[in-house]
J.: 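Dropping a structure here in structure tokens format, bear with me for questions.
In the text below, chain A, chain B and the rest are named by the order of the sequence lines, each starting its count at 1. Note: hydrogens, waters and symmetry copies are ignored here, and every other heavy atom, side chains too, is used.
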There are 2 protein chains.
Amino acid sequence: MNLPPLIQSFVLHFGEMGSRWGINRTVGQIYALLYVSPRPLNADDIVEALGVSRSNVSMGLRELQAWNLVLLRHIPDDRRDHFTTPDDVWQILRTLAEERKKREVDPTLSVLRELLMLAPGSAEERHAQARMAEMHGLIERLTTWYDDVKRLETERMTALLALGARVTKLLDAKDKVVGLVRGRKEG
Amino acid sequence: MNLPPLIQSFVLHFGEMGSRWGINRTVGQIYALLYVSPRPLNADDIVEALGVSRSNVSMGLRELQAWNLVLLRHIPDDRRDHFTTPDDVWQILRTLAEERKKREVDPTLSVLRELLMLAPGSAEERHAQARMAEMHGLIERLTTWYDDVKRLETERMTALLALGARVTKLLDAKDKVVGLVRGRKEG
DNA sequence: TCTAAATTTCAGAAAGTTCTGAAATCACGG
DNA sequence: CCGTGATTTCAGAACTTTCTGAAATTTAGA
């Protein structure tokens, strides 16, 4: 590996965290490298920077493309494929959330739905099904909320984040106003 | 493995998903089994239900305890340790979020902070640092929001979820009211 | 304190994954 | 439609993780 110290530390950290994030070391390193690079890199640039085999880089880029985390760019007068990460970190976050949901949540949701359709054959199975229903309900609420919120523009998203838990104060205020209006109409 | 079909499907699914969630097959299966079980189980119950070795169950339970995902219970007149999962699925979700943050996010946040303190040695490093700053800013916003929201009681949490993206309408309404009040005071 | 059941530890076997170099395939310019 | 360079595929080597059975340790009651 042959990189400026600051970048090397960042790349190595992403490599180490890779396994916790469900990707392998090389994939993590490739992503990190592309993320901080000021210009698109081709596969050989990555081979040289990280000191791994050409084929490993090829497989890593393939996986990152499957995750929609890198973009293929073409440089004029250069046949080779070049890669970057999207500039907008919010967009990256959205992509990451979307892909993780697809891989880590959706399959479970669909298994739960299937199992909840079956008739329980015993008290034990009836209890199990009740627990599955609780889990299904929770996940469904969360994903519905997520589907809703993911469509917000970045600006509204940040406004929401900045509000934090104070959002519930707003909720209380709304309830009060609604109460007043009702009172006036009905009274 | 010797389980009613409905429960077996659930347990097998959790085993398969385990690797995507950063836990191993046995750990996933143990958790699933405890989650749907109507009463606390001891290690031998789990060995029998899942058909894995006693020591493997011991290690799995150990890991689940490290994740705070199972509770140790004692049954009167029985020396053996028994295990359950918490009843409240919201509590489970909170625990899961907390643990994942601790393992998957916090280390990166602290590495980013460190690297942002260093003086860049070149234009390349300066650019890299700017990218790291963007990432750091995003993660910090998100974790601050999370720290804020995780303290909400379940009821308020569900209210917030139910509102979904409509929460931003509320935000607009608030801005309008604030504007009105300001206008009155100043005008 | 002693005993026996319960639990944990640990070294090595089994299983799974990541990585490489060599060969195959692809695709562009002539 | 050929030659060259870019890219992908793939079998097996290297490495990592998971799992087991045996031995060691812990624990609760006699």
J.: Do A:Ile75 and A:Val70 belong to the same hydrophobic cluster, where Ile, Leu, Val, Met, Phe, Trp and Tyr are linked whenever their side-chain heavy atoms lie under 4.5 Å apart, directly or via other members?
T.: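 In one cluster: no.
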J.: Quick one: which residue pairs count as a side-chain hydrogen bond (donor to acceptor under 3.5 Å, both in side chains) with a foot in residues 48-62 of chain B, not counting sequence neighbours?
T.: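 Those involving residues 48-62 of chain B are B:Thr26-B:Asn56, B:Ser53-B:Ser55.
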J.: My understanding is that only residues two or more places apart in sequence, or in another chain, count here; which of them pass salt bridge (charged side-chain N to carboxylate O under 4.0 Å, His left out) with A:Asp148?
T.: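 Checked A:Asp148 against salt bridge (charged side-chain N to carboxylate O under 4.0 Å, His left out); zero matches.
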J.: Grab the CG-P distance between A:Leu50 and C:dT20 for me, whole Å please.
T.: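 Interatomic distance, CG of A:Leu50 to P of C:dT20: 10 Å.
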J.: Checking all strands, does B:Asp81 fall into the base, sugar-phosphate, or nothing category for heavy-atom contacts under 4.0 angstrom?
T.: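 It contacts sugar-phosphate atoms only.
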J.: Please write out each protein N/O paired with an N/O of nucleotides 26-28 of chain D under 3.5 Å, distance rounded to 0.1 Å.
T.:
unit_1 : atom_1 : unit_2  : atom_2 : d
D:dT27 : O2     : B:Arg79 : NH2    : 3.1

J.: Donor-acceptor pairs under 3.5 Å, side chain of residues 5-12 of chain A to any protein atom, not counting sequence neighbours: which ones?
T.:
unit_1 : atom_1 : unit_2 : atom_2 : d
A:Ser9 : OG     : A:Pro5 : O      : 3.1

J.: Just to verify, what does A:Asp87 make a salt bridge (charged side-chain N to carboxylate O under 4.0 Å, His left out) with, not counting sequence neighbours?
T.: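 A:Asp87 satisfies salt bridge (charged side-chain N to carboxylate O under 4.0 Å, His left out) with no other residue.
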J.: Residues of residues 54-78 of chain A with any non-hydrogen atom less than 4.0 angstrom from an atom of DNA chain C: list those, numerically ordered, please.
T.: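 Hits under 4.0 Å, by residue number: A:Ser55, A:Asn56.
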J.: With hydrophobic residues grouped by side-chain heavy-atom distances under 4.5 Å, do B:Trp21 and A:Met17 end up in a single group?
T.: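 They do share one cluster, since a chain of ILVMFWY contacts under 4.5 Å joins B:Trp21 to A:Met17.
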J.: Could you tell me whether the side chain of B:Tyr35 and the main chain of A:Arg131 form a donor-acceptor pair under 3.5 Å?
T.: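 Yes, the answer is positive, given that a donor and an acceptor are paired below the 3.5 Å cut-off.
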J.: Please, which pairs that meet side-chain hydrogen bond (donor to acceptor under 3.5 Å, both in side chains) have at least one residue in residues 108-127 of chain B, sequence neighbours excluded?
T.: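 Found A:His13-B:Thr108, B:Arg113-B:His136, B:Arg113-B:Glu140.
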J.: Assess the residue pair B:Met132 and A:Val36 against the criterion (side-chain contact (heavy atoms from CB on, under 4.5 Å)); give the C-alpha distance rounded to whole Å, side-chain angles, the decisive distance to 0.1 Å, and a yes or no.
T.: CA-CA 7 Å; B:Met132 292 180 205; A:Val36 298; 4.2 Å; yes
J.: In this structure, how many angstroms lie between the P atom of D:dT4 and the CZ atom of A:Arg80, rounded?
T.: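 Result: 18 Å.
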J.: Mind checking what makes ring-ring contact (aromatic ring centres under 6.0 Å, His included) contact with A:Trp145, not counting sequence neighbours?
T.: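 Expected list: none.
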J.: Just list the side-chain donor-acceptor pairs under 3.5 Å for residues 156-167 of chain B, sequence neighbours left out, or say none.
T.:
unit_1   : atom_1 : unit_2   : atom_2 : d
B:Arg156 : NH1    : A:Thr168 : OG1    : 3.0
B:Arg156 : NH2    : A:Asp172 : OD1    : 3.4
B:Arg156 : NH2    : A:Asp172 : OD2    : 2.7
B:Thr158 : OG1    : B:Thr154 : O      : 3.0
B:Thr158 : OG1    : B:Glu155 : O      : 2.7
B:Arg166 : NH2    : B:Ala162 : O      : 3.1

J.: Given 3.5 Å as the limit, does a donor-acceptor pair link the side chain of B:Asp45 with the main chain of B:Asn42, or not?
T.: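 A pair under 3.5 Å: yes.
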J.: When the C1' atoms of the five terminal pairs at each end define the local axes, what inter-axis angle does the helix from C:dT1-D:dA30 to C:dG30-D:dC1 show, to 10 degrees?
T.: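 Rounded to the nearest 10 degrees, the bend comes out at 30°.
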J.: With ring pair (Phe, Tyr, Trp, His ring centres under 6.0 Å) as the rule and sequence neighbours excluded, what pairs involving residues 64-104 of chain A come up?
T.: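 For residues 64-104 of chain A: none.
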J.: CG of B:Asp45 versus C1' of C:dA6: gap in Å, rounded?
T.: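 In whole Å, C:dA6 C1' lies 13 Å from B:Asp45 CG.
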J.: Does anything in residues 20-37 of chain A reach DNA chain C, meaning a heavy atom under 4.0 Å, and if so which residues?
T.: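 The stretch gives A:Asn24, A:Arg25, A:Thr26 as the residues lying under 4.0 Å from the strand, ordered by number.
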